[in-house]
There are 2 protein chains.
Amino acid sequence: MFFDPLEGLARQDLENLQGVRLRHVVSQSANSPLYARIFEEHGLQADQVQGLDDLPRLPFTGKEDLRASYPGGMLCRPMEEMVRLHASSGTTGAATVVFHTANDIQTWADLVARCFHMVGVRPHDVFQNMSGYGLFTGGLGIHYGAERLGCLTIPAGAGNSKRQIKLLRDFRVTVIHIIPSYALHLATVFDSLGVNLEDLHLKTALIGAEPHSEQIRKRIEELYGVKAYNSYGLSEMNGPGVAFECPEQNGMHIWEDAFLAEIIDPVTLEPVPEGEVGELVLTTLTREGMPILRYRTRDLTRFIPGECPCGRTHRRIDRILGRSDDMIIIKGVNIFPMQVERVLMAIPEVGQNYLIVLERQGYLDQFKVQVEVKSEFFVEDMRVLKKLQDRITGMLRDELLITPKVELVEARSLPCSDGKAQRVCDLRGQ
Amino acid sequence: MFFDPLEGLARQDLENLQGVRLRHVVSQSANSPLYARIFEEHGLQADQVQGLDDLPRLPFTGKEDLRASYPGGMLCRPMEEMVRLHASSGTTGAATVVFHTANDIQTWADLVARCFHMVGVRPHDVFQNMSGYGLFTGGLGIHYGAERLGCLTIPAGAGNSKRQIKLLRDFRVTVIHIIPSYALHLATVFDSLGVNLEDLHLKTALIGAEPHSEQIRKRIEELYGVKAYNSYGLSEMNGPGVAFECPEQNGMHIWEDAFLAEIIDPVTLEPVPEGEVGELVLTTLTREGMPILRYRTRDLTRFIPGECPCGRTHRRIDRILGRSDDMIIIKGVNIFPMQVERVLMAIPEVGQNYLIVLERQGYLDQFKVQVEVKSEFFVEDMRVLKKLQDRITGMLRDELLITPKVELVEARSLPCSDGKAQRVCDLRGQ
């Protein structure tokens, strides 16, 4: 049933395994120049970490640590044992690099194969990988996983839409890996080539490498006639294969035998209560060459409470809700713009746009949300609008735990950006 | 000493192995729709091919057969057993595709690893692959070979010269795989970044994917302070890993345990005498998924006679001298422009350009070569020029077996193209 029996390991056994692996990885990481220094600075001995209970003793690792230890300061084994180097795209500042041993490559491929298998991909499937190959982890990481599973793998790489579609059709591709925004673009090319869904044999799309909403998933499922599954990874934690949706499509199982996951308040650095949103922190439990302890991903998510009907015991994280750098603190409460968006976009009367406005009234911060209402709901009858306003206020309060001031505005009345939308207007400093 | 003991197998044993493998591959290929049809058309039974002596019974396979059997007509095993698809760039006509089983991928990686090892690359080396990844075989083919050997592999991919150089320097890269023309370009970027050869740790360049001259190799060796080794492959025969230079740098050993090589006259289709130039024809001896029999590569080369001092028993082919499509037939003799170029470029007095002119005088074809002479050698004294002219004529006659008419012209007097040089002017039809 499972690709790896570990997927269904009883919770207590899984945590025991994590404890053993944590102890091992901490002792190994002490061999790297970076952690040797950090441990010394914190007066920490590796053998003080004996299990999960000792996790809080460990300092966090940040992207700045990876940059400062460039190029090889985080290796805890000799460079000769490394067989692969990958790098982040490095759009902000210097690139960060991750080294892998032969075992690391194998473990990574196993994790990705587990993801594929979980959503029904099998060796007889024909798989087209539309991620760019090279230093970027989405190409080779996914490729090795598909190969580990035994699919016929077409290493199409990124771009060249006409060729992508020709390959899809000519080789009766059943599974694709594609970036969500590219999936939306590629579908527009179908028509120009006279290709219909009926000409294709697609059944599954694996979508990842950029955060996207449930609406985008639904749209991809309709456009391609597939089930689309969300994928989560980051190059510091190998790349793809960290967390992946199961057929329930309700959160991504994070492979907890390989990654120790915490969700913390990005300000207090304390764990948030179970089910609340915070910053995902990950520790590699199996990586040999370059283990990373308590890595602050800056990605915001929450653990989805409860057991998954699929039977896997590994906890689920919600789709990425934003970056912790975007966090707003108001009246001592942490708020993420994505939380607001999630509430608003689930309300049928709400239009395309909204704006969060932060003001100071006297000594008090004021949290205001301007919400566009679709024209067909923006009626003359003030009582109807008042009711809608109250409903939105209540829903936001339930999510945010503070009561916002909600203003309803006409459709297309808020400033609209061509590029990345400006969702927060902070007037408190003025 | 050798990566694989097969590299030094006694000649007779190697040929016995080829015979056994040929018999097997012919019986297997009969399972593919294409060869089933071809065998029937030729009234051939697979079991009529018992060994190397029966090779002439087999028909040739051409690129047109690959195209006609697209997408899967050359598979001799079920599609489910295939794990990889690669495609030629398809610059001329439709793309041709090649499928591989898991064993094929492994065998291919072994062959590439053998090439790397032959020129001294070892697991402790840091290897940067500057070939594009994806459907093109130069990226993943070379990547898997380096990984098989155990090098630290940096999958840099093509382009992005500044990043290439940063990686070379920061990770103390010792071995690169690079296309010759890109190598020349990349070197020009060094200066602009203030990078010197002394900042780098390079010792070996593997150059391939486009034909190049000995002069280009020398230039790359000087620019990078490395030994540069020529690589030969084509996607129909996996890609890289078909033939590769040994440290002697005198021809490329073709891995004859995996590829059965012939050199034929492209017109008569008969074997050329040992050591003479003709078209390389290859038969896959180990490929499971999609064997190809007597594939006409269109690449012109010759077997280099004699044994190689390196001790490997696999025959050497010369660097690719051109394409058989470029062949000129004059007075019943086959001539390839590259033969002319090779002779001329070895003469110090000869300048950058030359032109082959084919004329008809009465009923006789006339083969004329116009040769630019460097200005310092283009002297007033006609006796000196006459001597040079005679010397060039003699050297061309020795190579071509016909006596050309040689005209010496001033440097920069021949038409010069921005793109691919026009080397042949055929006036016979006018």
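Quick caveat: nothing in here was measured; it's all calculated off a predicted structure. All chains are named by letter (A, B, ...) in the order of the sequence lines, taking the proteins before the strands, and each is independently numbered beginning at 1.
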Just checking, is any N or O donor in the side chain of B:Y295 or B:T284 under 3.5 Å from an acceptor N or O on the other one? no
Regarding B:Y182 and B:S161, do their side chains bring together a donor and an acceptor under 3.5 Å, going by distance alone? yes
Nearest 0.5 Å, what's the NE2-OG1 distance between A:H177 and A:T204?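 It comes to 13.0 Å.
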Atom pair CD1 (B:I179) and CG (B:L184), whose distance is rounded to the nearest 0.5 Å: 12.0 Å
Heavy-atom cut-off 4.5 Å, strictly under: side chain, backbone, both or neither for B:F99 against chain A? side chain
In terms of heavy-atom proximity below 4.5 Å to chain A, should B:H143 be classed as side chain, backbone, both, or neither? side chain
Top of A:H86, A:M82, A:H124, A:M79 for chain B proximity - count of heavy-atom pairs under 4.5 angstrom: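 Going by pairs under 4.5 Å, I would pick A:M82.
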Chain B shares the most heavy-atom pairs under 4.5 Å, among A:A102, A:G134, A:P123, A:G157, with A:G134
Applying the side chain to side chain donor-acceptor pair (under 3.5 Å) test to B:R287, which of B:D104, B:N238, B:T107 qualifies? B:N238
Portion of [X] that has a non-hydrogen atom of chain B nearer than 4.5 angstrom:
X: A:V97; result: side chain
X: A:F127; result: neither
X: A:L149; result: neither
X: A:F136; result: neither

In terms of heavy-atom contacts, does CZ of A:R172 have more than 12 from other residues, nucleotides or ligands at under 6.0 Å? no
Pick from B:L152, B:L167, B:D125: which one has the most heavy-atom pairs with chain A under 4.5 Å?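 Max contact count across the listed options: B:L152.
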Does A:Y229 form a side chain to side chain contact (heavy atoms under 4.5 Å, CB included) with A:I207? I'd like the steps, not just the answer. CA-CA 6 Å; A:Y229 298 99; A:I207 54 177; over 6 Å; no
